[in-house]
Amino acid sequence: MKIAVVGKGGAGKTTASAVLARTLARRGEPVVALDCDTNPNLGLSLGVGDTETERLATLREQIGDGAGEHAPTWEDILDRYGTDGPDGVRLSVITRIENPEPG
Amino acid sequence: MSGSGRVRVAFVGKGGAGKSTIAGTFARLLGRAGRSVLAIDSDPLPGLPYSLGVAVDDRPIPDDAVTEGPPGGPRWVLAPHLDPEALIRRHGRVCPDGVRYLQFGNLRGHVAALQKAQHAWSQTVSELDRHRWDVVGDLPGGTRQPMFGWAKYAEVVCVVVEPTAKSLHTARRLLTLSKSRWAPQTVAVVASKVRGPDDAELIGSRLGAEVLAAVPHSDPVLAGDRRGAAPLDADPEGDFAKAVGVLVERVLSLYPAAAKERS
């Protein structure tokens, strides 16, 4: 099953997503948590910590800057741009590349 | 451009941190002091009307207000019959305390429209009479796009941060970005939704930065929100309004140094 969580900034999307992901994982489901926010914070709510959350965000930005490579398949995305979180949730930061700003 | 006596301020920070609530109140307090104030936002679903105290209104800035520019220049420009003053006169909403409000976000929608909104915004703020208008911008949540895109016009960028892990994390990213050479503005930390002096201290120490002003969580403001009253109307003399008043004074005190640094 695929679940998307949307809403206004600060409404609680990230917190609800993290609890949902870990609850499903605790029931024995294999869970992938995708952070699609341009300002990815899901790692904080899942409990992977500040440093790892920032590492994933930086990896994503390198792709945006043209310094990193796009992953060719979704398995590569989870592998390269992901990390293992508590309860076995696999977290991956997967934001789309932004349009360049006007000059 | 220093010495104009006018301010250009942008509010950035994590979604829900309180950017719109503080920005709208900030704009109205400047207006109340007799200044000409333009409030702008870039969100298609803006929060700014709520704090300015005007009804949410989806009447867009018409599509033909922005046209394709001549080759060699920006892709989109204001239509020939419009300059920034005319844009404000025709499409700016008149808010309490005389604030004028332009909602660029409703030029957004798909990719081309986002560019239109960005170009119209850039042209408007860069061509606007600096000796007449204060500009207060309520920017999108997030980090890179607001900091390097929408905030370019501003001399002072206020990073709004509440005492939560995620808000602090976003603020830390914004402060890191603000040190890059593309972000020469004066950047100030504004503590939001604080429930005591400890919260403002926590924010300052976690960010390793001075807190310019601490704006409290406010039950009267929250109650006002539920009945559709802007913070300044819900609790005109309350702690929230007072704290934003302090913020206004402190931002004004950053000038003209901020304007000099920017030019």
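Here is how names work: the chains are called A, B, and so on, in the same order as the sequence lines, proteins then strands, and each is numbered from 1.
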| task | Show your working on side-chain contact (heavy atoms from CB on, under 4.5 Å) between B:His169 and A:Asp50 and close with a plain yes or no. | result | CA-CA 8 Å; B:His169 198 85; A:Asp50 259 20; 3.6 Å; yes
Those residues at least two apart in sequence (or on a different chain) that pass side-chain hydrogen bond (donor to acceptor under 3.5 Å, both in side chains) with B:Gln123 are B:Glu127
- Task: Identify the heavy atoms of A:Asn39 and B:Thr143 that sit nearest to each other, and give their distance.
- Result: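 It is OD1-CG2, 3.5 Å.
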Practice prompt. Indicate yes or no: does B:Arg173 engage A:Glu54 in a salt bridge with an N to O separation below 4.0 Å.
Written response: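 A salt bridge is present here (some side-chain N lies under 4.0 Å from a carboxylate O).
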B:Tyr50, OH: over 12 other non-hydrogen atoms inside 6.0 angstrom: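 Counting other residues, nucleotides and ligands, OH of B:Tyr50 stays at 12 neighbours or fewer.
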*Report, as yes or no, whether the 6.0 Å neighbourhood of atom CZ on B:Arg206 holds more than 12 heavy atoms from other residues, nucleotides or ligands.*
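No, CZ of B:Arg206 has 12 or fewer neighbouring heavy atoms, counting only those of other groups under 6.0 Å.
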With sequence neighbours left out, the residues meeting side chain to side chain contact (heavy atoms under 4.5 Å, CB included) with B:Lys166 are A:Thr14, A:Thr15, A:Asn41, A:Leu44, A:Ser45, B:Lys14
